[in-house]
Each structure stands twice: as C-alpha cells, then as structure tokens.
Protein chains: 2
Amino acid sequence: MSAVAAIVSKVDMPAHALLAEEGERSVYVYNVTAGSAKLYKSLPDGRTQVLGFLLPGDFLGLGDDRLGGLAAESLTRVSVCRFRRREFEELQDQFPALGRRLLSLAQDEIARSREQMLLLGRKSARERLASFLLGLYDRLEARGEKSDPLPIPMTRTDIGDYLGLTIETVSRTLAVFKRDGIISLDGVHAVRLLDPERLRSLATGDEADRAAAC
Amino acid sequence: MSAVAAIVSKVDMPAHALLAEEGERSVYVYNVTAGSAKLYKSLPDGRTQVLGFLLPGDFLGLGDDRLGGLAAESLTRVSVCRFRRREFEELQDQFPALGRRLLSLAQDEIARSREQMLLLGRKSARERLASFLLGLYDRLEARGEKSDPLPIPMTRTDIGDYLGLTIETVSRTLAVFKRDGIISLDGVHAVRLLDPERLRSLATGDEADRAAAC
DNA sequence: CGGGCAATTGACGGCACTCAAACCAGGTGG
DNA sequence: CCACCTGGTTTGAGTGCCGTCAATTGCCCG
C-alpha cells in the first residue's frame, strides 16, 4: 500500500478533458475514483466508436501503449489516481498478486467486449437501447448504488457512438419505449425503468417485436 | 518446459467439431497448432456473432470460465495442445513469466476487439470486407507465411457472422471488388489481393467511395 | 430575455436485409 | 464414368430499418 502511495498522485479534471489521445502512447495509467469518462476510437473521416464508459473504480490505459491508439475523454468532472506507466509496471513485478488482478480485469474487459460485438453486429436498434439501459442499471446495481431514476451521464451522441447508431435513432427509440410504457424520461440525463423484465427480454431478442400491438 | 509437457496432451479433431459450447464452463484450455477454428456467441433466436478466428499459435479458453458463455468450433481439421484448466492455472503460479505472457496476450485481444467494435459499429460493408481481407493477410504475414493466393478457410456464413453482414452482402461485395480489379477469386476459399494499397485505404475509410467511376 | 447547443420530431432516401431462384462443386452410388 | 444429390455460393428483385437532411423544440446559462 505504501509502495502504491509513493507513486500515485490524485488529480481532478473538468468535464470534456482529454485523458488520452489517439495515436499517443500514454505516459500515465489512471484509476477513476469519481465521475465518468468515455473511451473511443475514430476513423479518419470523423466517424467515432465509443468503446466503453469508465465509472469509478475502472482503470484506464493498462495495456494501451501497444497498437490501436484510442482516446479517452471525461464526461463529467472526474477524479483520478494517476500513475506513471513505468513505475506502475515495476509495481507489478514487485507484487505478483497485482499481476493476477490485472489479468482478471483484462479478462472481464474481454468478456464485455464480446457482448458488445454481439450487440453491434447483430442486434436491432431497440435491442441495443434495451441492452444499454440494462447495462447501466446492472453496473450501478453491482456497485450497490440505488438508482431510481437511473442517471445517464452521457449525451445522445455518446450513446449513439457507443451503440453504432445515430442520435436520431437513439432519440426515436427511447420515444417508442416511453410510448410503450417501458421507461419514462426524467429530463434527458435520467431514465426510470418501468418494466425491467420487458426490457430484459427485448435486450436478448427473446421478444418478437410487439410494436404492432399498439 | 518439462512441467508443461507433463500436463499437456496433443489432440486432433475433425472439421466442424465443437471445442466449447455456449453456457458450458470449459474444463480445458487449448493451444491451436494446426488448422483453424471460430469463436462465436449467439442470441436465442439463432443470430450469431463470430468473435474471432483461431489460427495456429492462438489460445482458446484462457479466461472463458467467467461470464459470457461462448462457443468454439473447428473450421478445418485442427490439432491442439490441450491442458486441464486447473493444472494450467497452477502452472501460472509456478512460472510468473507465464502470467506476464498471458496478460500480454489478453491485451492484444482487447486491442483487436476494439478495432472490431469500430468496424461493427461504424464501417460500411465495403470497408468491413476490405478490413477483413487485410486482417487475414497481415496475420499470415506476421507469421512469416507467404500467401498468394490468400487462403480463406471459412465459409461465407462465417465471414458474414464475423462482419455483422449477411452472406449475400459478403458475396456481392466481393463481386464488386473483383469487378473493380482490387481482388480476384481463386475458387471460393482463396483470394488474390491485386491492389493491397487500394484495399487498405478502403479499410480505413480514407477512400471516398469511387464506385461511381465505372 | 435571448443566444446557442442538445434533443426531438418529421420527411425522405439508400444501404443492406429478405426472399427466391439459379448456379456450382464435391461426394455418392448406380 | 456420369447422373444425381446436397450444401454452399452467386445473382436478382423488392422491402424496410435506420441514416440523412432539415425544421422545431427545449434547456441551460449568461
């Protein structure tokens, strides 16, 4: 613990700050302690894919010095613990348990990526939004935080870029959920899940599209 | 090395054999030594996303006992080195270098997953196919294998399920590439890349669609 | 109160999907 | 040796979901 304390520095950053840039090999490793951020990757013409959202407890930049530059930007004000990469890696050699922990985190990330690939490759817009909302819900739940209404820290653009959709489709699909009584919107940055079960069957595609029953 | 030899067994399997099933926690860890296989995940209604293809040297089942059941099936006859998961994990504790190597592999996989998410979320059918062909090409190249024509061990269905497209779109898009002189087909399981540069600019979206120039 | 950006809503179009038919190759049996 | 069969692939015609473009609304903050 003291070894950690020796090389970490606590940093606060405002919203919309770049924590890492595409094409840069990041010097730092971060651990988010408060706030949220997005991880993304872009094509030359500007099309963007958001790869994930960072919530308190998440690491950033672990293996990211290798191929595939990717960027990270804070969504809100964030507090992070910052390590120099060099020093962080030395820490790993000193404490084998840390290495095992990191491997475990990496495998979690792989599992999440796979789920997201299924979503991006095969799910409809409704299924994507349902999965997204439940993903946020479950994540907060796992963290033991009560969440009604469910806070949505990101913009429609971020959501669209995360789900491989346009902001218009995101907006329209949420409107349909609302019309169907599955959710209610509490402003644009909060949602009430009125029928989580229905949402869950939508997310996995169990539910043949009942839009007709209107 | 001798420690490895003690717990590994070499196994040959025919084409279309299931190495792992969705929902099973796999008892084994495999290392492919010859042939190829696919990794995939499905929705209840049968829609399938291929998450990746395994070529000689690739591992299967490393962290896959945790969430997200996923299946693996051989595309061709394959030879694998098989370990019992229990024993393989003990090996990790004995040899720290192995743990570091696995972390590195996991990070490579994460980087590849991210690239694929960008593809699935944001690229057009042409860009996906171009990326796919180059991915195969680069992968063989990295392995130091000459490859003209480039062998394509998987079916159109597998390719479609990997790229988030239908087989018809895969077939049509390849036909367009052929018409444009970018590739030539050598049967259905081999391709000649006639203009890799063009393909590469297509893959990254640099190239505004010049289909009009015909 | 008014400026500006995000979000919503509407009209329209296109890329990829669906459905369907023709084609092709490899394997089997007569 | 060749007809037949079967599964994969190609090609064609038509549709639909989501993207594009555009106008409106809503909200935050000065």
Side-chain angles (χ1 to χ4, degrees), chain A residues 14-16 38 43 45-49 75-76 119-130 132 152-179 183-191 202 205 208-212, chain B residues 14-16 38 43 45-50 73 75-76 119-130 132 152-179 183-191 202 205 208-212:
Chain A
H16 312 297
K38 64 179 174 183
L43 290 167
D45 64 3
R47 279 174 288 173
T48 296
Q49 180 65 37
L75 296 176
T76 62
L119 180 150
L120 292 171
R122 288 303 181 212
K123 289 189 183 177
S124 70
R126 299 188 62 178
E127 291 162 352
R128 291 181 200 206
L129 260 301
F132 170 69
I152 312 280
M154 57 291 283
T155 67
R156 298 293 186 262
T157 301
D158 293 331
I159 298 173
D161 286 346
Y162 179 59
L163 299 177
L165 300 171
T166 60
I167 56 176
E168 292 93 333
T169 299
V170 170
S171 188
R172 272 189 262 268
T173 304
L174 288 178
V176 171
F177 283 173
K178 189 171 145 196
R179 175 175 63 71
I183 65 170
S184 75
L185 296 176
D186 216 53
V188 294
H189 288 298
V191 171
L202 261 175
D209 228 87
R210 293 179 195 163
Chain B
H16 311 298
K38 63 178 174 184
L43 290 168
D45 64 3
R47 279 174 288 173
T48 297
Q49 181 65 35
V50 169
E73 186 184 319
L75 296 176
T76 63
L119 180 150
L120 291 170
R122 288 304 181 210
K123 289 188 183 178
S124 71
R126 301 189 60 180
E127 290 162 352
R128 291 180 200 207
L129 259 300
F132 170 69
I152 312 281
M154 57 290 284
T155 67
R156 297 292 185 263
T157 301
D158 294 330
I159 298 173
D161 286 346
Y162 180 58
L163 299 177
L165 300 171
T166 60
I167 56 177
E168 293 94 330
T169 300
V170 170
S171 188
R172 272 189 260 268
T173 305
L174 289 177
V176 171
F177 283 173
K178 189 171 145 194
R179 175 174 63 69
I183 66 170
S184 76
L185 296 176
D186 217 54
V188 293
H189 289 297
V191 171
L202 260 175
D209 230 84
R210 293 178 194 164

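It should be emphasised that the depicted structure is a prediction, and the values quoted were computed from it without experimental measurement. Chain identifiers are assigned alphabetically (A, B, ...) following the order of the sequence lines, protein sequences preceding nucleic acid strands; residue numbering begins at 1 within each chain. The basis for the numbers below is simple: all heavy atoms, side chains too, and nothing from hydrogens, waters or symmetry mates.
With D:dG19, D:dT10, C:dT8 as the choices, the nucleotide that has an atom nearest any side-chain atom of B:Ile167 turns out to be D:dT10. Closest approach to the A:Ser124 side chain among C:dA7, D:dA13, D:dC18 is made by D:dC18 (side chain taken as heavy atoms from C-beta onward). Out of C:dT8, D:dT20, D:dT11, the shortest distance to the side chain of A:Val188 is found at C:dT8.
With A:Thr173 contributing its side chain and A:Thr169 its backbone, the two residues share a donor-acceptor pair below 3.5 Å. Of the possible polar contacts, one joining the A:Arg128 side chain to the A:Leu120 backbone as a donor-acceptor pair under 3.5 Å is found. Although no hydrogens or angles enter the test, the distance criterion places no donor-acceptor pair under 3.5 Å between the side chain of B:Arg122 and the main chain of A:Arg47.
B:Arg128 has its CZ atom 11 Å from the C1' atom of C:dC15, to the nearest Å. Taking atom NE2 of residue A:His189 and atom P of nucleotide D:dG26, one finds them 17 Å apart after rounding to whole Å. Following rounding to the nearest Å, A:Arg126 (CZ) and D:dG16 (C1') show an atom-to-atom distance of 15 Å. As rounded to whole Å, 12 Å separates atom C1' of C:dT9 from atom NZ of A:Lys178. Per the geometry, CD1 belonging to B:Ile159 stands 13 Å off P belonging to D:dG8, to the nearest Å. Rounded to a whole Å, the CG atom of A:Leu120 is 16 Å from the P atom of C:dA16. What separates CG of B:Leu185 from P of D:dT11 is a distance of 9 Å, to the nearest Å. Regarding A:Arg122, its CZ atom lies at a distance of 10 Å from the C1' atom of C:dC17, rounded to whole Å.
Remark: B:Thr166 is in phosphate contact with C:dC17, judged by side-chain N or O atoms under 4.0 Å from OP1 or OP2. For A:Thr169 and D:dC18, the shortest distance from a side-chain N or O to OP1 or OP2 is not below 4.0 Å. A sub-4.0 Å separation between OP1 or OP2 of D:dT10 and a side-chain N or O of B:Arg156 is present.
For A:Leu165 and B:Val170, each mapped to the nucleotide of DNA chain D holding its nearest heavy atom, the one lying further toward the 5' end belongs to B:Val170. The nearest heavy atom of DNA chain C to B:Glu168 and to A:Ser171 marks one nucleotide each, and the one closer to the 5' end goes with A:Ser171. Comparing A:Leu174 and B:Ala125 by the nucleotide of DNA chain C whose heavy atom lies nearest to each, the residue mapping closer to the 5' end is A:Leu174.
Among the heavy atoms of the strands, none lies under 4.0 Å from A:Gly160.
Rounded to the nearest 0.5 Å, atoms CG (A:Leu174) and CZ (A:Arg179) are 13.0 Å apart. Here CD1 of B:Ile152 is found 11.5 Å from CG of B:Asp158. Values are rounded to the nearest 0.5 Å.
One cannot find a donor-acceptor pair under 3.5 Å joining the base of D:dT11 and the side-chain atoms of B:Arg179.
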